[in-house]
Structure formats: structure tokens, C-alpha cells
Amino acid sequence: MEGIKLIPSRVGLAHPHTFDERKNSISANKANLIILNTSNTHFTVQPLKTSPNPTPSMYSPQSELKWMEFWTKNKTFEKSVESRPASKPYIFYDGPPFATGLPHYGHILGLTIKDLFPRYYTMKGFRVERKWGWDCHGLPIENIVEKKLGFKGKKQIEEMGIGKFNETCRAQVMEYVQEWGKTVSRMGKWIEFDNAYKTMDNSYMETVWWIFQKMYKDGLIYEGKKILMYCPHCQTPLAKAEIQMDNSYKNVSEPAVFVKFKSKKMSDTYFLAWTTTPWTLIGNAALAVNEKLDYVKIKQGNEYYILARERVFIIKEKFEIVETFKGEKLLKEDYSPLYHVDSPKKGNYIVAGGDGVSSEEGTGIVHIASYGEFDYELIKKYDLPLHTHVKGDGIIQDGHHDWKGTWFKKADPLIIKDLIDRNLLYRQENHTHSYPFCYRCDTPLFYNPVNSWFVRIQSIKEKLLKQNTEINWVPDAEGKARFVNILETAPDWTISRNRYWATALPVWKCTKCTEMKILGSVKELQTHAIEKDKVPNHVDLHKHIVDEIHLKCTCGGTMNRIPEVIDCWFESGAMPYAAKHYPFENEKEFSKMFPADFVSEYVAQVRAWFYYMHVLGVALFGHAPFKHIVVSGNILAADGSKMSKSKKNFTDPNLIFDKYGADALRFYLMQSPLAQAQDINFKDDGVQEIYRKVILLLANTLSFYEMYANGNPHVNDPHSKNVLDEWIVTRLHQTVADVTKSLDAYDTINACKPIASFVDDLSTWYLRRSRDRFKGDDEQDKQDATRTLAFVLHQLSKIMAPITPFIAEEVHQSLRKNIPTLKESVHLEEWPAYDSKKAQDTQPIQNMSFLREAVRLGMEQRDSLKLPVRQPLAKATLYGHIMDERYVQIFIDEMNVKQVLSKEQMKDGQPSVELDTNLTKELLGEGMARELMRVLQDLRKQAKLNPENTITAYVETDTNTKEMLQPHGKEIAEKVRAKTLVFGPVPGNVSQQTECRIKDAQAKIGIALP
Ligand SMILES: [Zn+2]
Ligand SMILES: [Zn+2]
């Protein structure tokens, strides 16, 4: 069916609706009445009835400082918390950062997410208490202090005295607190910053003791010897998770050697083993084979070698296979040790390594020493000697006497040379592999058998996995795949550190018997201490203090504290309890604060803070300590490399704040894939684009509102019937719905997108199309437009408030100038409800987008036909959609056509627009009149005239053109505010004049003040 509608045009010359004319037009003169004089060239102009508000507020990134001050002065944050009922809490845990470095973009990202959701839930009526915390302990700070003191290792620390060292750490740990405070408030993050908890507080450490004791009593903590990743500089074992956290592995190229172990049975036969750590050869305890693999004995020259059949290709020169057999046959065969190390236990024979020995690299024969996890398992299994020829400080202490005192990594070439000299090296080559380094001091790590305290992860693994299913991870994969994998493969957690600046482990051992005491509170320490005077109620639980306190054993002996301190991850994982000094205080409060509704950190924290929090939550309360986790990505420099201060490959965040404001930066981060745990290359241009396309567009919309909405006292939906108003209100409901649903799903990307596109629609379509309504003299229409815009801005400010708190406040306060009953701040407002029927009403949105598409197609045709919009056209035909008359009217205004036909049927299978380009004399005349108007407006502008100034206009051209223009004289005069329009010579003394073409004719045009 074909529907044809003929719509008469209402467009006349008094409607300067087209875009390029609007750009040149003087503002607001529809309110003036122009009266025709006796001659058709003389008009009188009356003065303006109203003038626009001359000083709209000008927004700039510096305006944000004004709102920062406003919030502080009015205690807006405190009010936002207190105005919500305590019975309706939304619990948020803020991961404590270190104050030992300046905040960077990574922190700013975290701070933003962790500000956004608390603000959102506050607006939704929840009470969201937010308290800052500081991470104070551990290697990060110890290494900084060591560097400052110029220390090379533990020896110097102990010479200085642990007490003095620890006090230096304490003095150093809060170094950048002020800078943090500045950044936190500059970026608009709301949190109780001043009374922050610190992991070094006595109360905090006491809770850590309580947790340790409780877990020990529950059988979840044990002491044992294990092969652990170990830093010989820091002289402490490190947890695998710590090393994997920021990827402390580096690709290194090192010598790999094929070593000949001489058989004791046949002196011309050697077992070939392969290793990338020659320094471990000194402590060789055994060789291991896979008993099920095939092995071969080959002959090369006068010697025989044994290796796995699948590895035989590593033998480059000519050889011959003399025998093939299963690995099993090699078991228990003896070989001569490379180096003699005294040991009461029997070693130097071949053991069964099972699947731990593969044919994927090396020779299929593995050299076993105490510096590997797999090795250590075999050493225990076969009761082999445990040679630890490298001391805890990384120095060789056994083997060849020349090597004693050598740094373990430096021993490699010495050993290789020695093996060559003794004809025990088959071959060497360079091998590139990934090797772990200490994430704090960059020293190469090695696996070292050390005594340690462990959390028995294996016994709660099932619970950890089960509780994880209760957590809502954003993005999902972080929890479903990554975290599950981390949990499934987690080893027991090493929680003791052979260091100084951390909570002391609360373990005392008797010097006489095997008795051991584990304390869980200061009170217990007071009860058992021998030196009772050293234990006041607020005793400091740092190592240097409690090491001086001894306990009395039941056997009568004295108990000493063990030297270790606790892993600082145990402390930050204890945050939900320790920050509240639970269970010593705040028991009731704590029960309301656990678990958290929301936490957020960047990806590396999945296996760190989230993991440790989860372990302690499940171990202590059988429950995950959080319900929703948002995982963010890494921010890289613009070129994709790591941001680095020394490379200066990024802009100081403070400059970004100055140039584009915190709102633009916040929005940029929140709309980026960072919010879905993806990495991004940070680009200043990206922030600039958000600044222009979101912040400035909104600010300009606001200043337009301020200019024309004098004294509007309403922010409620006026339910206007105007098609533009209807459309923008529908778009608003849709946007509020989208933003609400996205934020409910902790999805900031899809909360930002609809806001950006709404701001664009509001500014570049609604406002552009409504401009004349605001300036016009149809009071009802003007009021509808003003009130609709006020309503839209008010709702928009609320949904933007959590993401861009500053501009939201700017909008709110601007509306509030005329409506003092509005809340004191946008951040004290309720989250707006939306009309779900309206939000789903796609009709106005479809109509408008068809219309906008039709306009775009029409403009394209005008462009290609070189028909400026100033030139009215007789008719346009729209194919593919029957448009409601009200939309057609907008099309007419926008396209400057007299008549529109709209047909449901499509042309060539798609919606299209056909313009009637036949120009009648009348149409040409109108077009020429508009050209003239534009020239006259330009002259007015050059003369810097105000709308109040009237002029006399002169038009000197040929007779034909004059005839074409004359019928439009009234409209021309009205439009350019000419009291008199003279078609005749331009006098010499006019203030501005120009020569130009009107259509095809030469013209001389001038203006003068009457
Ligand atoms: Zn280290
Ligand atoms: Zn004892």
C-alpha cells in the first residue's frame, strides 16, 4: 500500500531555519515587531522586549576547583553519607595503597571506579561509608629505606640495629600522603581520608595476631620446610602469587650445559644430563630418569653416552646406537659425583623420576639438586642428601675452594670451565628462557629449601572454589576462568618472611623443650610475658619490640619469639577485620560490614589482594568477603609500553586535570575497555575528545539554557506536545534506563556510552532545532522548550553525577539558582526513576532517526548539486517511511523545501530522498533574497552592531535582480533590522560596503546607521 501525503509548507522567509544561515544570523529578533511604512522600502523597528541573560556561567576545567571547595565547605560528602539510613548499608572495601610513591594513572583508574559505585549507591538511597587505609609494611618500604641508607643487604641492617631500621621505615612510610590527598580530592573522589587506618597500627596488628592464632587452632597454619622462590638479596622466600602478580619473569639468555656423569660400572660410559643452572651442579644429589621412556646407549669416538631415544637428535656429529632399553633398566646405577660434598646419606645414583622427567627438553636425564621443587620431592622420597651449597645470601659456600664466596650466578662460567678442563662437559649452548626476578630488588631468584609458616590452602581448596561461585565478577571471565585456575593450582601460602618491618609472627618457642606458644592478643602477651613492664595495653607488635619480650614455659625454661615477621599480603587480606580491630572492638559494626558489596582493583590483584582476602574470608568465616568484584586493566603509555617516569612517556596527570578536567579523565577511563579488565594505551587525545564531545557540549548546552531560560522555576517534565520535546524526553527515559541497568551490572562502559550519545543528541539536534523556540515570541512554545530542557538537564545531571561529579554539580547549581528548593548538591539527590513504558517507546526515536537520516541524505544531494540550503526548493519526496506531519515540518525547516511527499514504499530497496531541483522564478527570488540577507548580516557583523542597532541598507544591482528581490523587501528588512532598504546607488559615506554576486549578478551593497 502506498500512502501519499501532501503537506503545505509553512516556511516563509521569516523562518531563517537553515543551518548556514543560522550560523550567521544575529540572535533573537523575532520578538521585534516590524511595521511597514508608506513606501515599501521604509520600515520602523521597535525595541527588544527582553534581552538574553548577558552573563551565562562559563565552564572550564578550573570550575572543578570551585566545586571541590563547595563540597568541603558544605560537608557534602558527610551529608551524603549521613542522609542515608544506617539500616541500609552498601559495604565497600578500599584496598589500601602504599604511600611510598606518587599516585599514577593506575591509581587514578582505581580511585575512579571506587568512587563511582559508592556515589551511585548513595544516590540509590544506601549508606556508603568510605574510609581510607594505608599499606605500610613489607619489602616495598624496606627496600626504599635500604636504598636510601645505601645498604647492600641484611648484614648492614642488623649492624644498624633492627629497632633503628624499623623506626626509619615508620618515618618513611607516609612520605607521599599529602600528594595522595591532593590527587584524591582533585579527581573528585570522596572518602574519609584523614583518619585512615594503617596496617602498622597496633590495633590492626593485634587483629592480625588474632587471625593467625585462630587459623592455627583450626589447623589451617603449619610450620614446614619447603622449596620456595627465594630472593637472596632480601633473604626471604616469596610467594608465587607475589612474583606472578606484576609478572616478574624476564626472558634471559643463559648457558645451558650437557654434562657427562661417569658411570661407575663402565668407565667409558657417561650419563648425559642437561641443566640451565650450572651453579647447582655442585650440590648434585642424584640423576633421575623416566622409567617408562626409551633410552639409548650410543657410541661416539671412544666414548659411550646414555640419553633418551627421543632426544638423540641433539647429538650432532656421527654416532651409532648400540643399545635401546627402558629407563627402568638404569635405576640404581651408580655414577661418580662431579664434586665431593660430605654427606652421611647415600646419593649419586639413578632414581625414578616418573612423568616429572620428560623428553621435551634436555636429554631425558635430570640432574637433581636441592634447588628445585621437583628435585626436592625426589630428595625427600629417596632420602637423598640435601646439599645446600649456596647460603641464604646467595653466596657459594661449598664445592671447589676457589669458588667459595662467589655470588651463585657468577659461579656458572667457573664451573663450566672446570668441567671442560676435566673433560666432563659434552657441549654448551645458549638457552633463552623466562626466569623469575625479585619484584622489589630485581635480584634473580632461585628455589631454596627454607623453613616457613604456611596457610594450608589444600585443605580449604574446595571451599575456596565453592565460595567463588557466590561472587559476581566483572568481567565474568576473571572469576570463572582465571580465579578458578588460580585457586585450583594454588600451593600452600607461605606467610612468614625473614624480614623486619611487619607484624611479628606471634610464635614463641622454648629454649629447653619443644613447647611452642602462639598468641592471639595483647592480653595473652601480658599474661605470659616475663617482662610484664614491657607490655603496656597499646604495645607495638613490631619485631624489634616483641623480640625483647620472653615467655615463661611450663617446663620452667624461657621462650623466645621466632625471628620471622608476617607476609604483608596476610595483613592487607586481613583488612575487613583488622581495620575495625575485630573482634576486640566493633563486633556489631563488623557483622554489618561483612561481606563487602563491592571491591575493585586492577587485574594483577586478582591473584594478590582478591586471592588473599578470599582465603582469609573463607578460612575465618567460611564465606567470600565480597559479593561484586570489578577488575580493571592496565594503563600503558601511548605507544603501548609500560608507563615510566624515567622515559617520560606520559603526561603528568595534574596537567591533564588542568587542561581537560577530572571529569573528562574519569569519563575517558570509565568508557574505555579498562573497565572490562582490558589494557589500553593511554592517549591525551582520547581525554581531549571526551572533553570536547561530552563535557564541553554539555557545558555549552547549559550556558544556552542560562541565557534563555531566565528565572525558570521548574524542573518537572512539562509533558509538552512538541515533537522535539517528546523525542528528547523519550530519549532521556531510555538513557536513564540504560545507565541504571548498566551500573546495576557494574558495567561502566555501557553506562558511559548512552550518556555520550544523549549529550550529543541534546546539543546537536534538540538544541539546534529548538533554538528559535527559545528566542521566539510564542510564549507557550518557549515555555515548553525551556521547561523541557530544564527537566532534561536536571535528570541528566543526576545520572552523570557518579561518573562526572563536577559538571553534574555545575548543571545542578545552575538550575538551583532559580529553584532554591532543589537539594543543596546533586550528590544529595535520589537516583532518578524512569518511565519504563516511555523508555521502551521506540516510535518517536525511530521517527526522529528516520528524519535525521532523510536530512542527511537531502543535504548530501544539495551538496553534490551545489544547491545551497539558502535556495528554497519546491518539493522533496521521502521514500521508505510515512512521517508524521510534525516530523515533516522539521524536515521542511531543515531542508528549506516548500512541500514534502512521504511514501511508505522504498526506492531501490532502501529509504531515500528525492529533491525537486526545478527552480521557478519565485524560488530563485527567495534564494537571492536569502543571499542578500547573508551579505547584509556579514556587514552588520563587520560593523560590530548589536541587535538593538537598526540600519539603512543599500543594494545596487541590475534591474532584473532588483525585480527579483523587491517582492521580498519586507522580509529582508525585518531580518537584517533595516529601517530603510534602498535599491539604488550606495553612497560613499556608508559605514560598511562590499561588492559581491547575488546569484549571477554583480551587486554593490552597503549599510549605514540611520
Ligand atoms: Zn629481593
Ligand atoms: Zn619448655
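Whatever order the structure lists them in is the order used to number ligands and atoms, beginning at 1.
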Please table the atom pairs, donor to acceptor, closer than 3.5 Å between any side-chain atom in residues 504-517 and protein atoms at least two apart or in another chain.
from   : atom 1 : to     : atom 2 : distance (Å)
Trp508 : NE1    : Ile549 : O      : 2.9
Lys509 : NZ     : Glu223 : OE1    : 3.0
Lys509 : NZ     : Glu223 : OE2    : 2.8
Thr511 : OG1    : Thr558 : O      : 2.9

Measure from the ring center of His433 to the ring center of His431 and say whether it is less than 6.0 Å.
-> yes
Six-ring centre of Phe437, Lys250 cation under 6.0 angstrom, axis tolerance 45° = yes
His389 and Tyr371 aromatic centres sub-6.0 Å | yes
Within the 2.8 Å cut-off the protein N, O or S neighbours of the Zn ion (ligand 2) are Cys510 SG, Cys513 SG, Cys553 SG, Cys555 SG
Using a 3.5 Å cut-off and no angle test, enumerate the donor-acceptor pairs between side-chain atoms of residues 610-620 and protein atoms at least two apart in sequence or in another chain.
from   : atom 1 : to     : atom 2 : distance (Å)
His614 : NE2    : Leu464 : O      : 2.9

Whether Tyr105 and Phe650 hold their rings parallel, tilted or perpendicular, with breakpoints at 30° and 60° = perpendicular
What's the count of protein N, O or S atoms under 2.8 Å from the Zn ion (ligand 1)?
-> 4
Taking the six-membered ring where the residue is Trp, are the ring centres of Tyr339 and Trp403 under 6.0 Å apart?
-> yes
Should the ring pair His137 and Trp501 be called parallel, tilted or perpendicular, given that the plane angle runs from 0 to 90° and is split at 30 and 60?
-> perpendicular
Kindly state whether the ring of Tyr577 and the ring of Trp210 have centres lying under 6.0 angstrom apart.
-> no
